[in-house]
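Let me begin by presenting the structure, written as structure tokens, before commenting on it.
Keep in mind the model is a prediction, meaning the values are calculated, not measured.
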Amino acid sequence: MFLKKRKQAKRLKLQQAPRKLVAHTHPRSFVVEQFRTLRTNINFSSPDSDIRSIVITSAAPGEGKSTAAANLAVVFAQEGKKVLLVDGDMRKPTTHHTFHMANMKGLSNVLTRQAKIEEAVQATEVERLDLLTCGPIPPNPAELLASQSMSKMMEQLKNLYDLVVFDAPPVLSVADGQLLASKCEGTILVINSGKTEKEQALKAKEAIAASNSRIIGAVLNNFVPLKDGYYYQYYGTEK
């Protein structure tokens, strides 16, 4: 009984840890297995060609899209791809906190031609994963994301990386998420179990569709099974 409670507490801690890189720190956990499943589903979603750029967004703030973006980038890097995670949320950036890195130079510097990509990109502790933080918060995020500089940067990044993952702002809060979605090949919508309203999720889906981006799928975040199952126990055990 005591061992069972310890396992439950451990899983709950993993699920509640804000912006934690569980894919790197707990690679054999059940949560990370779900990110690997997501990675597989993304690969199968485009059988004729590889998806080179993905936007991770949500309907509203606090639904876990930044955590999903970071961990998805990690599992793709673990697969052997050269990956760049970009903090496209130039209003409330968080990736520099997630990876414990400086945010002196980043996306805003590149888009305003104050820095080159190679000057702003930082290598993370995860092999084959680089990070482009937000940089100084600009007064005009939407204008920068809609600019020709953004389109040119996207072309450059595709020549440098196998996959570019954007952490985008919530699509119902500002236009930034839609603008990023329009620049990328696919979008994933993060939905918080028990928090996201059905109407919000539908509006977010419509907003993404209006940006002419292809919705690859949705991620149900913070879902907690009612009881243990064989599958949960098998993948949730670390040795």
Is I42 linked to L84 within one hydrophobic cluster, defined over Ile, Leu, Val, Met, Phe, Trp and Tyr using a side-chain heavy-atom separation of less than 4.5 Å?
no
Check L144 against S147 and note the closest heavy-atom contact, atom names and distance.
O-OG, 2.6 Å
Assess whether side-chain contact (heavy atoms from CB on, under 4.5 Å) is satisfied between M153 and L107, documenting all intermediate values.
CA-CA 10 Å; M153 187 195 76; L107 178 61; 3.6 Å; yes
Distance (rounded to the nearest 0.5 Å) between H100 NE2 and E125 CD:
7.5 Å
Could you tell me whether a side-chain N or O of D176 sits under 3.5 Å from a main-chain N or O of L145, the two making a donor and an acceptor?
no
Neighbour count >12 (heavy atoms, 6.0 Å) for atom NZ, K205
no
Taking C-beta and beyond as the side chain, do L202 and K198 meet within less than 4.5 Å on heavy atoms?
yes
Side chains of L220 and S193: closer than 4.5 Å at any heavy-atom pair?
yes
Is a side-chain donor or acceptor of S53 paired with a backbone partner of E185 at a separation under 3.5 angstrom?
yes
Looking only at heavy atoms, the pair that brings P138 and M90 closest together is CD-O, 3.7 Å
Report whether V83 and V74 are members of the same hydrophobic cluster (ILVMFWY, side-chain heavy atoms less than 4.5 Å apart, transitive linking).
yes
Taking I137's backbone N and O only, do any of them form a donor-acceptor pair with R91's side chain (distance below 3.5 Å, no angle check)?
no
Compare all side-chain heavy atoms of S66 with those of D89 and state whether any distance is below 4.5 angstrom.
no
N/O donor-acceptor pair under 3.5 Å between T133 side chain and K105 backbone:
yes
Working to the nearest 0.5 Å, report the span between CG of L163 and CG of D50.
9.0 Å
Over all heavy atoms of both residues, which pair between T98 and A70 is shortest? Give the atoms and the distance, please.
CG2-CB, 4.2 Å
Determine whether L180 and L189 fall in the same hydrophobic cluster, where Ile, Leu, Val, Met, Phe, Trp and Tyr are linked whenever their side-chain heavy atoms lie under 4.5 Å apart.
no
Closest non-hydrogen atom pair, Q178 against A207:
NE2-O, 2.9 Å
Q78 side-chain N/O to A23 backbone N/O, donor-acceptor pair under 3.5 Å
yes
Is any side-chain heavy atom of H24 closer than 4.5 Å to a side-chain heavy atom of L129?
no
Indicate the atoms forming the closest heavy-atom contact of A69 with D167, along with that distance.
CB-CB, 4.0 Å
Testing the basics here: between P170 and A59, what is the closest heavy-atom pair and its distance to 0.1 Å?
CB-O, 3.6 Å
Please round to the nearest 0.5 Å and tell me the distance separating atom CG of L111 and atom NZ of K152.
12.0 Å
Check whether D87 reaches the backbone of T94 with its side chain - one donor and one acceptor, N or O, closer than 3.5 Å.
yes
P169 backbone acceptor or donor facing T57 side chain under 3.5 Å
yes
Would you compute the distance between atom CE of M154 and atom NZ of K183 and round it to the nearest 0.5 angstrom?
8.5 Å
Can you tell me if CD on Q114 sees more than 12 non-hydrogen neighbours from other groups inside 6.0 Å?
yes
Within a 6.0 Å radius of atom CD on E119, are there more than 12 heavy atoms belonging to other residues, nucleotides or ligands?
yes
Does a side-chain N-to-carboxylate-O contact under 4.0 Å join K203 and E206?
no
dist D130:CG -> Y161:OH (nearest 0.5 Å) comes out at 3.5 Å
Under a 4.5 Å side-chain heavy-atom rule over Ile, Leu, Val, Met, Phe, Trp and Tyr, are V22 and I56 clustered together?
yes
Considering only heavy atoms from C-beta outward, does the side chain of T67 approach that of N221 to under 4.5 Å?
no
Tell me, do D162 and R128 make a side-chain contact under 4.5 Å, heavy atoms counted?
no
So, the side chain of S108 versus the backbone of P136: is there a donor-acceptor pair under 3.5 Å, distance only?
yes
Considering only heavy atoms from C-beta outward, does the side chain of L72 approach that of I188 to under 4.5 Å?
yes
Does E118, at its CD atom, have more than 12 non-hydrogen atoms belonging to other residues, nucleotides or ligands within less than 6.0 Å?
yes
Flag side-chain contact, heavy atom, 4.5 Å: M150 against L179:
no
Gap between atom CD of Q122 and atom OG1 of T124 - 0.5 Å precision:
10.0 Å
Donor-acceptor check, side chain of T187 to backbone of I215, threshold 3.5 angstrom: yes or no?
no
Flag yes if V55 and V164 sit in one hydrophobic cluster, no otherwise; membership is Ile, Leu, Val, Met, Phe, Trp, Tyr, and two members link when side-chain heavy atoms are under 4.5 Å apart.
yes
